[in-house]
Amino acid sequence: MINTAKGIENCGGEENYNNIIKIFCKDGRKRLENLKKGFEKNDLSLLSIETHSLKSIAATLGADELAEYAREVNQICKKDQKSIIASQWQTVIRMYQEIIEEFENKI
């Protein structure tokens, strides 16, 4: 699920990669709650902001599949396609939680 070698390369080395993982995990739980709130309140602006950030950091860390799903939800938000979000958002939440747990096991 995570391409560690790519993440290390993207971060400029293993030490930077590990530092960014720590930040990702620390902030991740709060961002998960923001995503859930955005969906529950049908707040496409909040969802757009959170998925934009998520797609960028996930791609940097080598979590390409999560980055792609976050990108898709971000695009759906920008197009105001509320009916489509439900099918994608659950996958993003599940994958995000799994990756946080996987990273937490590494640090």
Side-chain angles (χ1 to χ4, degrees):
M1 195 184 266
I2 298 170
N3 183 338
T4 303
K6 180 180 176 183
I8 290 170
E9 181 180 335
N10 289 342
C11 293
E14 192 169 351
E15 184 177 343
N16 289 340
Y17 182 70
N18 289 330
N19 289 334
I20 294 170
I21 284 173
K22 289 175 187 173
I23 294 167
F24 178 83
C25 291
K26 181 182 172 191
D27 293 346
R29 301 288 178 197
K30 181 180 178 189
R31 291 190 175 275
L32 269 170
E33 290 305 313
N34 285 343
L35 282 168
K36 290 176 185 177
K37 284 180 192 174
F39 181 74
E40 290 165 2
K41 294 181 178 182
N42 210 17
D43 185 342
L44 295 185
S45 177
L46 179 58
L47 282 171
S48 181
I49 290 166
E50 292 297 335
T51 54
H52 179 78
S53 296
L54 178 57
K55 75 178 173 66
S56 299
I57 190 65
T60 298
L61 294 174
D64 296 331
E65 190 176 4
L66 175 59
E68 179 58 26
Y69 273 102
R71 184 193 67 75
E72 288 176 14
V73 172
N74 185 259
Q75 291 300 312
I76 291 167
C77 291
K78 288 180 179 180
K79 294 177 183 175
D80 198 25
Q81 296 175 317
K82 296 175 185 174
S83 61
I84 301 173
I85 290 175
S87 64
Q88 296 290 340
W89 110 276
Q90 290 292 342
T91 302
V92 170
I93 294 296
R94 180 186 49 77
M95 291 177 74
Y96 198 2
Q97 289 172 325
E98 289 172 0
I99 287 175
I100 288 171
E101 290 170 9
E102 188 172 337
F103 280 143
E104 286 175 338
N105 289 330
K106 288 184 177 191
I107 56 175

Original post:
Can you name the closest pair of heavy atoms from L35 and L47 and give their distance?
Top reply: O-CD2, 3.4 Å
Original post:
Is I20 reachable from L54 through a run of I, L, V, M, F, W or Y residues, each pair having side-chain heavy atoms under 4.5 Å apart?
Top reply: yes
Original post:
To the nearest 0.5 Å, how far apart are NZ in K55 and CD in E50?
Top reply: 13.0 Å
Original post:
For the hydrophobic clusters of this structure (ILVMFWY residues joined by side-chain heavy atoms under 4.5 Å, transitively), does one cluster hold both M95 and I93?
Top reply: yes
Original post:
Quick one: does Y17's side chain have a donor or acceptor within less than 3.5 Å of a partner on L61's backbone?
Top reply: yes
Original post:
Hey, what do you get for CD1 (I57) to CD1 (I99), rounding to the nearest 0.5 Å?
Top reply: 11.5 Å
Original post:
N42 side chain to G38 main-chain N or O, any donor-acceptor pair under 3.5 Å?
Top reply: no
Original post:
Hey, is NZ on K106 packed in by over 12 heavy atoms from elsewhere, all under 6.0 Å?
Top reply: yes
Original post:
At what distance, to the nearest 0.5 angstrom, does NZ of K78 lie from OG1 of T51?
Top reply: 8.0 Å
**OP:** State which residues pass side chain to side chain contact (heavy atoms under 4.5 Å, CB included) with K6; sequence neighbours excluded, sorted by chain then number.
**Re:** N3, N10, D64
**OP:** Count the heavy atoms of every other residue, nucleotide or ligand shown that sit under 6.0 Å from CD of E101, and state whether that count exceeds 12.
**Re:** yes
Subject >> More than 12 heavy atoms of other groups within 6.0 Å of E102 CD >> reply: yes
Subject >> Test side chain to side chain contact (heavy atoms under 4.5 Å, CB included) applied to I2 and L66, step by step >> reply: CA-CA 9 Å; I2 298 170; L66 175 59; over 6 Å; no
Subject >> Residues K36, E40: salt bridge by 4.0 Å N-O rule >> reply: no
Subject >> Closest heavy-atom pair and its distance - L32, Q97 >> reply: CD1-CG, 3.5 Å
Subject >> For the student: nearest non-hydrogen atoms of T60 and C11, plus distance >> reply: CG2-SG, 3.8 Å
Subject >> Donor-acceptor contact present, side-chain N74 to main-chain A70, <3.5 Å >> reply: no
Original post:
Do D27 and K30 come close enough that some side-chain heavy atom pair is under 4.5 Å?
Top reply: no
Original post:
Of the options K22, K26, R29, which is the one that meets E104 in a salt bridge (charged side-chain N to carboxylate O under 4.0 Å, His left out)?
Top reply: R29
Subject >> Contacts of F24 that satisfy ring-ring contact (aromatic ring centres under 6.0 Å, His included) - sequence neighbours left out >> reply: Y96, F103
